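Bear in mind that the values here come from a model prediction, so they are computed numbers and not experimental data.
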Amino acid sequence: MLGAVAAAGLLAGALTAPVFAAESADGPELIANGDFSNGTTGWWWTENSPGEVVDGRLCAEVPAGTENPWDAIVGQNDIPLTAGEGYELSFTASASEPITVRTNVQMATEPWTTEHASADQIGAEAKTFSHVFTAKADHEAAQLAFQIGGSEQAYTFCLDDVSLTGGAEPPVYEPDTGSPVRVNQVGYLTEGPKNGTFVTDRTSALTWTLKDADGTEKASGTTTPKGVDPTSRQNVHTFDFGDFDEAGEGYTVTIDGETSEPFDIGDDLYSSLRSDALAYFYHNRSGIEIDADLVGEEYARPAGHVGAAPNQGDTEVPCQEGLCDYTLDVSGGWYDAGDHGKYVVNGGISVAQVMSNYERTLTAEGADGAELGDGKLRVPERGNGVPDVLDEARWQMDFMMRMMVPEGEELAGMAHHKIHDRQWTGLPLLPHQDPQPRELHAPSTAATLNVAASAAQCARLFEEYDADFAAKCLDAAETAWAAAKAHPDVLADPNDGTGGGAYSDNDVSDEFYWAAAELFVTTGEDTYRQEVLNSPLHGDTDAVFPRGGMSWGATAGLGALSLATVPNDLTDAQLRGVRAMVTEAADGYAADSRGAAYGVPYAPQDNHYVWGSNSQVLNNMVVLATAHDLTGEAAYRDAVLRGMDYLLGRNPLNQSYVTGYGERDSRNQHHRFWANQLDPDLPNPAPGSVAGGPNVEIQDPIAQDKLQGCAPAMCYIDHIESWATNEITINWNAPLAWIASYLDDLGQGGGNGEDPGGEDPGETPSCEVTYSSNRWNSGFSTNVTVKNTGTATLSGWELTWAFADDQKITQAWNAQVVQTGRNVVAKPAQWNTTIPMNGSVNFGFNGTSAGQAADPAAFSLNGKACTVK
C-alpha cells in the first residue's frame, strides 16, 4: 500500500471527478504572460523539452521514451498563495499524440507539497480545462508545473491562455449515489436473508414492492424506520424480503417512487467471483508473462522485473546502501498493490488466506474443493496434478523464502521486510517498463514470523503433492522461527517509505502467536503448543480478533482459525477454548451486523473507518463464516451474507466495491497497469478486484479535495489517484476470494441450513450438451451447445471434458477454451456469461488429430455431470 507516496507529491490528480459550476474567480491574475504575447518570458522548461512560441502558443518538443510524468515539465515559479483562499486554474492545451498531462500547483522545492494536482487527457484538438482548489498553506513563491513526460512517443505539447486567479468559490463535491433504495446489486441466495436500506427524510414506515424483470409485482411489505445512521449521517429505513424465494433475474425494489438497481435471486451467484477473485493473484504475478490465453488480450503483458531493459530485474537485488554486502534472487511473488513493491508482511497474510481457502475444503462440511482443483483456475501450472489454488500460493511462497538472509550472514534466517523501487514511480507504468533500481530493505522480526507461519502452513498442504517442496517449506518455517526467537524486537523503520510503503509494526506478539500456532498444527511439537498457550494473547478474544478486523498488522486470528479448524494435537479442553474465542468474536461481529443500518459486520471504535476498511469487513466475515462452519448457526451465515450485501451495493454510496459485479461497480482503482482512467489504451482493473473502501483519514490529495468532512462510510471516491480510498491489494483480495468460495458453497448446498436447490449426485442432470464434429484427415471442426435444464439461471459457467486421444484445439470462438493435455475447459466470452433456464449457449473450435479421433463421452458444467445428446 502507498501511504508514503504522499510525500512524493507527484501522484495526485483529478482526472474525471464530477465537474461542478463554481463562481468565477475575481482576484488578481497570478500568472505572468499567460497568453504568451511577450514570448516565453516568465516560463521555463526542462532541458529535454525545449519550448518556443508558435502561433501565439507555447509549444514544447517532448522526446520519446520519458518514463515518468515529471521527466518533462513546462512551468512558472514565484506564484504567491494564501492559506484558505480559493483559486481557479484554467488553460488551453493540445498534443500531437494523446497524453495525460499532470498539472501541479506546488512547492518549488522538496518535498514538492501540492496545493493542487490534476490530470487531464490531452489530444490533437485544443481544449480548455478549468480546476478550482483551496490552498492549505501560505506560499510566497509556489510553482505551476505542467508535467508532460511519460510517453513512449515523441510529441509536441502546446499551451495557451494560462490563468490562475484568487477569489474562487470551490465547488461542493456531492457524490452520485444513484437510487436511494440500496440492495446487493449482484443478488441474494434463494434461501438466504434478503435485506436492503432506503435513504429518505420520511420517518414513518413506507410500502416496498418487489417486481420481476417484466414489472410484475411479486411481493410487498413495509419498511422499518431506523433514524439517522451514524456511519453515513443519512436518515434511513430498512426492509426485509427474505420470505420470497423464487429464483430469477432482474428483480427490483420500489419504495416511495424510487427504484433500486436490478439484482438476481439464485444459488449460483458467486461461482464467477470465486474464480475472478483468485485470478487477481495471477494477474499481479511478478517475473512471469501474463498469458492472454488465461486472462484475455486486454490483460496480457510481458514479464515484469526480469532484467530486460529498461527493467533492472529482481534476480540479483542488492540491499539499501550500507545494509549488507550480498545480493538475493527475489524474483517471483505478487506485486503488493498499486505499486511494484513486494512486501513480506503483506504477502504473508495474503498467501496464508489463499492457502486457507483450499484448506477449508479439507475440513468444512460442504466445502467444494473441486472448484479450486487442478485445471479449474487461471494459472499456467494447470494440469500438473496439484490444485490450482496451491499452484498460485506456491508462486508467492517461493518468493517469501527467497527473502531470507543467507546462512553465514549476520541475522541469518531472518527475512528482509520488503523489496521495491529506490524511488516512487508514476502512473501508469507497466512492470516491464519500470526503470528504477530495486533494493532489499532491512530484515524485521515481523517479516520473519510471516515466513515462519505461512511456510508451516505450506508444509502440511503440499505434503500430498510435492514432499520435497513441503520439506523445504518446513525447514524455512523452523529456521525463521528460530531466527525470530533470537531477534524478537527487530522492527521495521516507520520512516522507510521512499519508493514503497513502510509497513512498520511496533508489536509483533500477534505474529509470534500466529507462527507458533501454524508450526504446532503442522508438527505437533509441544514446544510450539506451549508458545501458543503461554502467549499473553491466548484466550483474549479482543486481542486475537480485534473488533476492527484482522489485518497484516494484526495476524493472531489467522493462527486461532487454524487451531480451531485444522486437526491438531490440542487437548479437547484446549480446542474448546480456541473455538470459544472464534464464536465469541463472531457473536460480536454478528451483533454489529444486526444493529447496522446497512448490515455491515464492522463497527470500529468511533466509526473510524480505516485504510482498506473493506478488507477489515471481509476479515470479520471470514471469522463469521468459520464460526458457521464450526457450529451450523444460521446467525453467523446471515451476517456474512449481509456483509456481502454491503460490499456489493447495500451501502451509503450505493457502490459495488468489486469490479465487474453490480450496476455501479468500482472500476478506477489505484493501480499502475490497470490504469484506463489515465490511459485509454490500458484496461480497467480485472473483474473481481475489491477497492479499499471508505477511509476517514483521506490521506491523498484527491480525497482531501473532494471528501473533506465526509461521513465515515462515505469517505470514498472511485478515482485512480485516490490511493487512500481506492487502492487494490493482494491482502484485500485474499479474504474476498475466501468469502466468495464460502458463499458459492452455500449456494450449492454447502451448509446453508436448508437445501437451497443444490443437486444431489443422484438427481437428474441440470445441463445438456450437444457435441457435433466435422472431421477430415488430420483436422476437425466442432460445434458445442450447452443447455441449462435446471431451475435457475446460471451466472457464469464452465464446461469441462477430456479427450480420449491426442486431439489438439487450435482455434475457438464464442468461448474461452483452454486445453491442458487431454483436459479441456471452456468458459464464457464477455457476451454469454449467463445461461437462462431452458436457454443455451453455443461455441465452437477447430483442431488437429493424429489418426482416428473420438468425440468426448462425458461433460461437466460447473462441476456437475451433464446429459450428452
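In this structure, the separation between OG on S96 and CZ on F157 is 11.0 Å, given to the nearest 0.5 Å.
Judged by distance alone, the side chains of S613 and Y716 never bring a donor and an acceptor atom under 3.5 Å apart. Under 3.5 Å, the side chains of Y343 and H420 contain no donor-acceptor pair of N or O atoms. Remark: the S722 side chain and the D700 side chain contain an N/O donor-acceptor pair separated by less than 3.5 Å. Judged purely by distance below 3.5 Å, without hydrogens or angles, the side chains of H719 and N726 never pair a donor atom with an acceptor atom. No hydrogens or angles considered: a donor-acceptor pair under 3.5 Å links the side chains of S118 and H116.
Because its NZ or CZ atom is both nearer than 6.0 Å to the ring centre of F673 and within 45° of the ring axis, R301 counts as a cation-pi partner of that residue.
Side chain of Q433 to main chain of L429: no donor-acceptor pair is present (N/O by atom type, distance under 3.5 Å, no hydrogens or angles). With hydrogens and angles disregarded, a donor-acceptor distance shorter than 3.5 Å links the side chain of Y282 to the backbone of D291.
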Salt bridge (charged side-chain N to carboxylate O under 4.0 Å, His left out) between R438 and D421, intermediate numbers included | CA-CA 5 Å; R438 308 279 275 177; D421 292 334; 3.0 Å; yes

Working for salt bridge (charged side-chain N to carboxylate O under 4.0 Å, His left out), residues D314 and K342 = CA-CA 10 Å; D314 285 350; K342 298 185 291 189; 2.9 Å; yes

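Residues P685 and Q669 come closest through the heavy atom pair CG-OE1, 3.2 Å.
Only one option out of Q143, H139, Q106 pairs with E115 in a side chain to side chain donor-acceptor pair (under 3.5 Å); it is H139.
Look at R57 and D55 and you find no salt bridge, because none of the NZ, NE, NH1 or NH2 atoms lies under 4.0 Å from a carboxylate O.
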